[in-house]
Amino acid sequence: MATNVSVALGEVTRPTKGLNIVLWVLQILAASAFLLAGGLKLAGAEPMVSMFDKIGLGQWFRYLTGGLEVTGAILLLIPTTVVLGGALLVMTMLGAIATHLFVLGGSPVPAIVLFVMVGTVTWYRWLTSISGTNGRGNQ
């Protein structure tokens, strides 16, 4: 039964060539943003250090967040790990949105945009993976 559902989902959600290109563009843009942001956190850029001081959990949290962002960005660029990297980054952005809304103040819009980008990529790549196709209709 589950196989039939997976095949049916694959038939409906198989990305077209155009959608596949859009997903790759989103993956590259998101990975670039996360590599930059995570790299700045890991490098100890002053704005990042002061932002994490305001959060109040200590600088270890800056290193953790930076490491998660860099790791997720790399995983986002590898076709076999894109869903794992996307899930990691979606969770990271949920935390960033909540932190902006409840702790830091300021606009959560950049985190929301990245959440939508990575969530979209993760969703479509996950559907492709459970359908058993490689995104071009081939097994």
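Under the 4.5 Å side-chain contact rule for hydrophobic residues, Val25 and Ile28 do not share a cluster. Both Leu89 and Trp126 belong to a common hydrophobic cluster when Ile, Leu, Val, Met, Phe, Trp and Tyr are linked at side-chain heavy-atom distances under 4.5 angstrom. Cluster annotation: Leu40 is not connected to Val70 through the hydrophobic network of ILVMFWY side chains, with a link wherever side-chain heavy atoms come within less than 4.5 Å. Placement of Ile78 and Met117 in two distinct hydrophobic clusters is found when ILVMFWY residues are connected by side-chain heavy-atom separations under 4.5 Å, directly or transitively. At a threshold of 4.5 Å between side-chain heavy atoms, the hydrophobic network of Ile, Leu, Val, Met, Phe, Trp and Tyr places Leu36 and Val49 in two separate groups.
Each of Val118, Val22, Val82 was compared with Gln27 under the side chain to side chain contact (heavy atoms under 4.5 Å, CB included) criterion, and only Val82 meets it.
At distances below 3.5 Å, at least one donor-acceptor pair connects side-chain atoms of Ser50 with backbone N or O atoms of Pro47.
The nearest pair of heavy atoms linking Ser107 to His100 is O-ND1, 3.9 Å. Here the closest non-hydrogen pair linking Leu75 and Gly85 is CB-CA, 3.5 Å. Of all the heavy atoms in Ala73 and Ala31, the pair that sits closest is CB-O, 3.5 Å.
Asn20 has its side chain out of reach of Thr16: every pair of non-hydrogen atoms, C-beta onward, lies at least 4.5 Å apart. Contact annotation: the side chain of Leu88 approaches that of Leu68 to within less than 4.5 Å [non-hydrogen atoms, C-beta and beyond]. Two residues are said to be in side-chain contact when any heavy atoms from C-beta on lie closer than 4.5 Å; Val103 and Lys54 fail this criterion.
In this structure, CZ on Arg62 lies 10.0 Å from CE on Met51, to the nearest 0.5 angstrom. Atom CG of residue Leu77 and atom OG of residue Ser32 lie 7.5 Å apart, to the nearest 0.5 angstrom. The structure places CZ of Phe115 at 9.5 Å from OG1 of Thr122, a figure rounded to the nearest 0.5 Å. Put simply, CD on Gln59 and CG on Leu64 are 12.5 Å apart, with the number rounded to the nearest 0.5 Å. We find the CG-CH2 distance between Leu23 and Trp123 to be 13.5 Å, quoted to the nearest 0.5 Å. Taking CD1 of Ile130 as the start and CZ of Arg125 as the end, the distance is 14.5 Å to the nearest 0.5 Å.
Annotation: ring-ring contact (aromatic ring centres under 6.0 Å, His included) contacts involving residues 55-74, sequence neighbours excluded, comprise Phe52-Phe61.
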Between Glu69 and Thr65, is the side-chain contact (heavy atoms from CB on, under 4.5 Å) condition met? List the steps. CA-CA 6 Å; Glu69 288 178 351; Thr65 305; 3.8 Å; yes
